[in-house]
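Numbers here are sequence positions counted from 1. Just so you know, these numbers use all the heavy atoms, side chains as well, and skip hydrogens, waters and symmetry mates.
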Amino acid sequence: MSRSRHLGKIRKRLEDVKSQWVRPARADFSDNESARLATDALLDGGSEAYWRVLSQEGEVDFLSSVEAQYIQAQAREPPCPPDTLGGAEAGPKGLDSSSLQSGTYFPVASEGSEPALLHSWASAEKPYLKEKSSATVYFQTDKHNNIRDLVRRCITRTSQVLVILMDVFTDVELFCDILEAANKRGVFVCVLLDQGGVKLFQEMCDKVQISDSHLKNISIRSVEGEIYCAKSGRKFAGQIREKFIISDWRFVLSGSYSFTWLCGHVHRNILSKFTGQAVELFDEEFRHLYASSKPVMGLKSPRLVAPVPPGAAPANGRLSSSSGSASDRTSSNPFSGRSAGSHPVPESKQNKTKTKKQTTLWFLMAF
């Protein structure tokens with residue numbers, strides 16, 4: 001009697017769902033070892049090795065052509081030869097036993113601690129907790145709330161800190177809004193860019209002749225997605241596909257919108273605005289990504305300083321006094337009416353506003 005043919009996890013499920021005689025099975029969310037072996041083979045030996053493992057495992061081709069090309073293009077060698085990594089106690093290829101477990105299928109988590117500046121954020125006052133929790137959704141087809149205009153209005157009305165996580169940033173007009181916020185109003189801006197989008201961002205800067213000297217209050221940093229590591233030590237990084245903006249740590253804009261001309265004019269996108277407790281999740285995600293980011297342009301080592309009480313001068317004078325008045329003139333809601341900055345507010349009214357709000361915000365500054 002011939003031995004039954006081995007079927008990979010995905011292939012077996014495909015055959016089951018195609019057959020009208022097989023009863024539905026309980027959902028299985030366990031790891032697919034065959035897929036892990038095939039991915040390792042692609043990373044280490046290319047397409048031929050990938051197909052060979054698929055055949056041996058009886059598994060279907062689960063990667064699209066674009067995904068397979070991405071993995072091969074992003075493949076990176078181990079930082080040092082395998083035989084120098086583990087010494088006498090290492091596994092057969094110089095890797096320790098933990099790296100040879102099937103757990104290498106999962107992205108690699110950093111064992112390093114977060115920078116000291118991030119640890120004090122958790123104990124700082126959180127302005128978003130003072131806001132009422134809400135969620136509002138905007139679509140590109142809504143002509144009364146153009147998504148690009150909503151993003152620009154958010155940038156224009158930010159008065160203290162602007163945090164941006166973005167995959168692609170090539171929109172020159174949005175860049176001008178950010179430069180104006182940082183250089184004219186004293187807003188600290190921290191942009192985390194997907195590593196794959198850094199080249200396009202620098203290309204934009206070169207075209208409009210922007211250099212580090214124009215980014216005195218801006219920190220541009222790069223960050224990667226999760227890391228897939230094969231047993232051999234070869235690895236590749238994923239991309240940053242999440243996109244959001246945190247304004248003054250009071251509300252978040254998040255969605256599919258990228259900072260490109262095409263997204264602003266022809267691509268259909270969705271944008272959501274969150275206030276209240278939900279902002280904390282974005283705050284935590286930003287701090288997590290910042291911890292693994294690398295400087296690209298602008299401020300190299302922004303740090304957190306003590307919260308500045310209303311009316312007090314910022315420490316070491318790094319922020320101009322205009323930033324304080326800007327915070328009082330600026331509404332935390334970027335979607336209401338025209339920019340308040342176009343209507344000067346009397347000084348007496350500013351002082352009353354300061355006394356009434358008694359708001360403590362976070363300031364990020366350079367060393």
(request) Look at the side chain of Gln72 and the backbone N and O of Gly46, then say whether any donor-acceptor pair between them is shorter than 3.5 Å. (result) no
(message) Run Phe201 and Met166 through side-chain contact (heavy atoms from CB on, under 4.5 Å) and show every step you take.
(response) CA-CA 11 Å; Phe201 178 80; Met166 192 55 53; over 6 Å; no
(request) Could you grab the distance from atom OG of Ser47 to atom CG of Leu42, nearest 0.5 Å is fine? (result) 6.0 Å
(request) Keeping the roles fixed (side chain from Glu59, backbone from Ile10), state whether a donor-acceptor pair exists under 3.5 Å. (result) yes
(request) Could you tell me which non-hydrogen atom of Asp44 sits nearest to which non-hydrogen atom of Ser232, and how far apart they are? (result) OD1-OG, 2.6 Å
(request) Could you tell me whether a side-chain N or O of Thr275 sits under 3.5 Å from a main-chain N or O of Lys132, the two making a donor and an acceptor? (result) yes
(request) Check the pair Glu57 / Ser34 against side chain to side chain donor-acceptor pair (under 3.5 Å), numbers first and verdict last. (result) CA-CA 6 Å; Glu57 294 292 315; Ser34 297; 2.8 Å; yes
(message) On a heavy-atom basis, which atom in Gln195 and which in Ser222 lie closest, and how many Å separate them?
(response) OE1-OG, 2.9 Å
(request) Evaluate the criterion side-chain contact (heavy atoms from CB on, under 4.5 Å) for residue pair His214 and Gln209; output intermediate values, then yes/no. (result) CA-CA 10 Å; His214 301 100; Gln209 299 181 338; over 6 Å; no
(request) Group every Ile, Leu, Val, Met, Phe, Trp and Tyr by side-chain heavy-atom contacts under 4.5 Å, then state whether Phe175 and Val168 land in the same group. (result) no
(message) Assess whether a salt bridge exists between Lys243 and Asp167, defined as any Lys/Arg side-chain N lying under 4.0 Å from an Asp/Glu carboxylate O.
(response) yes
(request) Classify the angle between the aromatic ring planes of Tyr290 and Phe286 as parallel (below 30°), tilted (30 to 60°) or perpendicular (above 60°). (result) tilted
(request) Could you tell me which non-hydrogen atom of Phe62 sits nearest to which non-hydrogen atom of Glu67, and how far apart they are? (result) O-OE1, 4.1 Å
(message) Using only atom types and a distance under 3.5 Å, with no angle test, would you say the side chain of Ser133 pairs donor to acceptor with the backbone of Gln277?
(response) yes
(message) If you apply the rule salt bridge (Lys or Arg N to Asp or Glu O under 4.0 Å), what do you find for Arg13 with Asp28, and how did you get there?
(response) CA-CA 10 Å; Arg13 190 177 184 207; Asp28 182 5; over 6 Å; no
(request) To the nearest 0.5 Å, tell me how far Gln239 CD sits from Gln74 CD. (result) 7.0 Å
(request) Examine distances only and state if a side-chain atom of Glu33 and a backbone atom of Lys9 form a donor-acceptor pair shorter than 3.5 Å. (result) no
(message) Using only atom types and a distance under 3.5 Å, with no angle test, would you say the side chain of Thr156 pairs donor to acceptor with the backbone of Arg152?
(response) yes
(request) Please check if the side chain of Ser293 supplies one atom and the backbone of Val223 the other of a donor-acceptor pair under 3.5 Å. (result) no
(message) Measuring from atom CD1 of Ile220 to atom CD1 of Ile178, what distance do you get when rounded to the nearest 0.5 angstrom?
(response) 7.0 Å
(message) To check you understand the geometry: which heavy-atom pair defines the closest contact between Val279 and Phe274, and what is its length?
(response) CG2-O, 3.7 Å
(request) Look at the side-chain heavy atoms of Ile, Leu, Val, Met, Phe, Trp and Tyr, link any pair under 4.5 Å apart, and say whether Leu200 and Phe169 land in one connected group. (result) no
(request) Please round to the nearest 0.5 Å and tell me the distance separating atom OG of Ser19 and atom CG of Leu14. (result) 12.5 Å
(request) Work out which heavy atom in Leu54 is nearest to a heavy atom in Val60; give both atom names and the distance. (result) CD2-O, 3.4 Å
(message) Count I, L, V, M, F, W, Y as connected when their side-chain heavy atoms are under 4.5 Å apart, and connections chain through other members. Are Met204 and Trp261 then in the same cluster?
(response) no
(request) Please examine the side chains of Arg250 and Gln160, heavy atoms only from C-beta on, and report whether any two atoms are closer than 4.5 Å. (result) no
(message) Pairing donors with acceptors under 3.5 angstrom, does anything connect the side chains of Thr170 and Thr260?
(response) no
(request) Kindly say whether Trp51 contributes a backbone atom to a donor-acceptor pair with the side chain of Ser55 at under 3.5 angstrom? (result) no
(message) Tell me every residue that passes side-chain contact (heavy atoms from CB on, under 4.5 Å) with Glu242, counting only those two or more places apart in sequence or in another chain.
(response) Leu165, Ile240, Phe244, Glu285, Leu289
(message) Salt bridge check, Lys273 against Glu131: does any charged N sit closer than 4.0 Å to a carboxylate O?
(response) no
(request) Mind checking the CD1-CZ spacing from Ile218 to Phe188? Nearest 0.5 Å is all I need. (result) 9.0 Å
(request) Run the numbers on His267 and Tyr257 for side-chain contact (heavy atoms from CB on, under 4.5 Å), then give the verdict. (result) CA-CA 9 Å; His267 292 340; Tyr257 190 85; over 6 Å; no
(message) I'd like to know if the side chain of Asp194 reaches the main chain of Arg241, judged simply by a donor and an acceptor atom lying under 3.5 Å from each other, with no hydrogens or angles considered.
(response) no
(request) Search all heavy atoms of Ile245 against all heavy atoms of Cys154 and return the closest pair with its distance. (result) CG2-SG, 4.1 Å
(request) Give the intermediate values and the outcome of salt bridge (Lys or Arg N to Asp or Glu O under 4.0 Å) for residues Arg153 and Asp149. (result) CA-CA 6 Å; Arg153 196 172 294 132; Asp149 290 346; 5.3 Å; no
(request) May I ask you to test the Gln202-Val296 pair for a side-chain heavy-atom distance under 4.5 Å? (result) yes
(message) Would you say Ile155 ends up clustered with Val208 if hydrophobic residues are merged whenever their side chains have heavy atoms under 4.5 Å apart, either directly or through other cluster members?
(response) yes
(request) Give a yes or no answer on whether the side chain of Asp248 reaches the backbone of Ser159 with a donor-acceptor pair at less than 3.5 Å. (result) yes
(request) Apply salt bridge (Lys or Arg N to Asp or Glu O under 4.0 Å) to the pair Arg76 and Glu224, showing each step before the final yes or no. (result) CA-CA 14 Å; Arg76 295 184 297 201; Glu224 296 178 324; 3.1 Å; yes
(message) Side-chain heavy atoms nearer than 4.5 Å, only ILVMFWY residues, links allowed to pass through others: does that put Ile270 and Phe259 together?
(response) no
(message) Can you tell me how far apart CG (Asp212) and CE (Met297) are? Round to the nearest 0.5 Å.
(response) 5.0 Å
(message) Using the rule side-chain hydrogen bond (donor to acceptor under 3.5 Å, both in side chains), only one of Thr39, Asp61, Asp40 pairs with Tyr50; which is it?
(response) Asp61
